[in-house]
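Keep in mind it's a predicted model, so treat the numbers as computed, not measured. Counting starts at 1 for both ligands and their atoms, in listed order.
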Amino acid sequence: MGGRGRVEPNPMVGCVIVRDGQVIGEGFHAAFGGPHAEPTALSASTQSPRGATAYVTLEPCCHTNKKTPPCVPTLIEAGITRVVIGCLDPNPNVNGAGVRMLRDASIEVDRVPDGLGAECRQLIAPFLVRQQFQRPYVTMKWAQTADGKVAGHEGMRLQISGDRANAFVHTLRARSDAIVVGINTVLTDDPVLTVRGVPAVRTPERVIIDRKLRTPNDCRLVRTALQLPTVVVTSLTAPSTNFEPLVERGVRVVWPPAQREDVLLAALAAGDWVQKPYSHVLVEPGPTLANAFFKAGLCDRLWVIHNSRSIEDASAPTAATVPDWFAKTGELSLGADTLIEYLNVQSAGYHATVPSADFTLAQDLK
Ligand code: AOF
Ligand code: ZN
């Protein structure tokens with residue numbers, strides 16, 4: 001999990017070398033373009049890996065048209081005699097060919113038990129979703145009061161979560177490729193959607209869903225658009241006069257090919273206008289956008305921050321309801337807040353009811 005935020009769009013992979021029941025080396029893929037887990041674990045081995053078993057969360061790679069040398073020949077040369085894999089690599093250049101190449105070299109290859117295999121797939125769910133469906137992994141996050149409110153009187157901006165919970169949100173932002181908000185959030189909160197107070201692992205693009213192109217030229221997102229990538233996703237019915245002033249200020253304005261909300265959301269999740277593929281999209285929605293994502297089946301994971309205060313104001317907007325098909329995978333107490341993670345068990349990005357890498361890293365930070 002140490003590679004989270006640094007390896008994407010590649011998967012997180014870990015490897016352990018075991019001989020005579022003893023761990024002699026460990027490694028993980030730490031950064032995009034850098035050494036893979038297997039050579040890292042082999043070079044970290046404290047004893048000769050000859051005759052040892054390599055446990056790898058993903059099938060070792062065997063293809064050569066890429067950044068690093070293939071792992072299968074490296075394992076063979078190191079004298080590994082058994083490889084236990086967590087799951088197959090869906091990359092069409094691998095996808096079972098790594099296993100075959102190992103077996104052809106008389107190396108015993110086994111799979112971990114099914115439950116553990118599902119956990120290995122969950123670890124790389126964003127990679128699997130991208131390989132199979134060409135879309136990023138979508139996380140939604142919101143904060144709510146004890147009485148279920150997400151903003152103040154008549155929707156006025158209200159800081160609900162405390163400093164510790166905010167710091168965790170910023171770690172999640174720092175590992176995401178895009179942060180998405182709806183136009184209502186821009187109009188009421190004027191957010192800047194930057195990563196603050198934590199190391200910036202990636203620079204997320206800031207995306208506004210704005211069907212009628214109402215994004216104000218002087219909002220903070222637009223004012224910082226020359227420094228930080230900013231995209232407005234609009235529709236063909238938007239007034240064209242609003243287009244130029246945004247573009248002049250450095251905003252990329254894009255139109256999915258149809259006007260329907262579901263197409264807009266699907267296009268967003270597919271990130272089909274982005275120059276670089278998105279692996280992780282973080283949506284910070286109001287209740288309307290949250291429900292739209294739930295309805296479109298486009299939310300894979302959810303982080304809800306529950307604050308212990310109530311505001312008891314009937315005019316304050318109420319949080320969306322977490323659908324029944326979301327399974328709770330973690331709970332973390334952070335001062336006056338509790339962070340709860342859910343996974344959408346109906347999504348293609350679901351494999352096992354286990355805390356995500358981001359949640360586990362948050363737990364470790366705590
Ligand atoms: C492994 N071990 O630790 C990882 C694997 O461009 P490259 O050389 O980094 O190769 C990227 C591909 O290798 C990636 O798409 C995936 O199929 C596999 N990732 N394989 O044996 C690793 N990270
Ligand atoms: Zn490899």
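- Nearest to atom 14 (C) of ligand 1 among the protein's heavy atoms is N10 OD1, 3.5 Å.
- The pair D177-R202 meets the salt-bridge criterion, with a side-chain N (NZ, NE, NH1 or NH2) lying under 4.0 Å from an Asp/Glu carboxylate O.
- Between the side chain of D110 and the main chain of V84, no donor-acceptor pair closer than 3.5 Å is present.
- Residue A37 has at least one N or O atom closer than 3.5 Å to an N or O atom of ligand 1.
- Residue E38 holds the heavy atom nearest to atom 2 (N) of ligand 1 of all those in H29, E38, M12.
- Two rings, from Y350 and W325, have their centers 6.0 Å or more apart.
- Residue H36: an N/O/S atom is found under 2.8 Å from the Zn ion (ligand 2).
- The protein non-hydrogen atom at the shortest distance from atom 6 (O) of ligand 1 is K67 N, 3.3 Å.
- E8 approaches G3 most closely through the heavy-atom pair OE1-O, 4.1 Å.
- At the top of the distance list for atom 13 (O) of ligand 1, counting protein heavy atoms only, stands H36 CE1, 3.3 Å.
- Below 4.0 Å from some heavy atom of D89 lie the following atoms of ligand 1, by number and element: 16 (C), 17 (O), 18 (C).
- Geometrically, ligand 1 and C61 share a nitrogen or oxygen pair separated by less than 3.5 Å.
- Salt bridge D218/R249: absent, no basic N to carboxylate O contact under 4.0 Å.
- Residue contact check: P60 has heavy atoms under 4.0 Å from atoms 21 (O) of ligand 1.
- Nearest protein heavy-atom contact of atom 15 (O) of ligand 1 is N91 ND2, 3.2 Å.
- Here Y137 and F127 keep their ring centres 6.0 angstrom or further from each other.
- A heavy-atom distance below 4.5 Å is found between the side chains of D358 and W303.
- With respect to the salt-bridge test (charged N to carboxylate O, under 4.0 angstrom), the residues E108 and R103 do not qualify.
- Which parts of ligand 1 touch C71 is read off a 4.0 Å heavy-atom cut-off, strictly below it: atoms 21 (O).
- Backbone and side-chain nitrogen or oxygen atoms of K66 are examined, and one is located within less than 3.5 angstrom of a nitrogen or oxygen of ligand 1.
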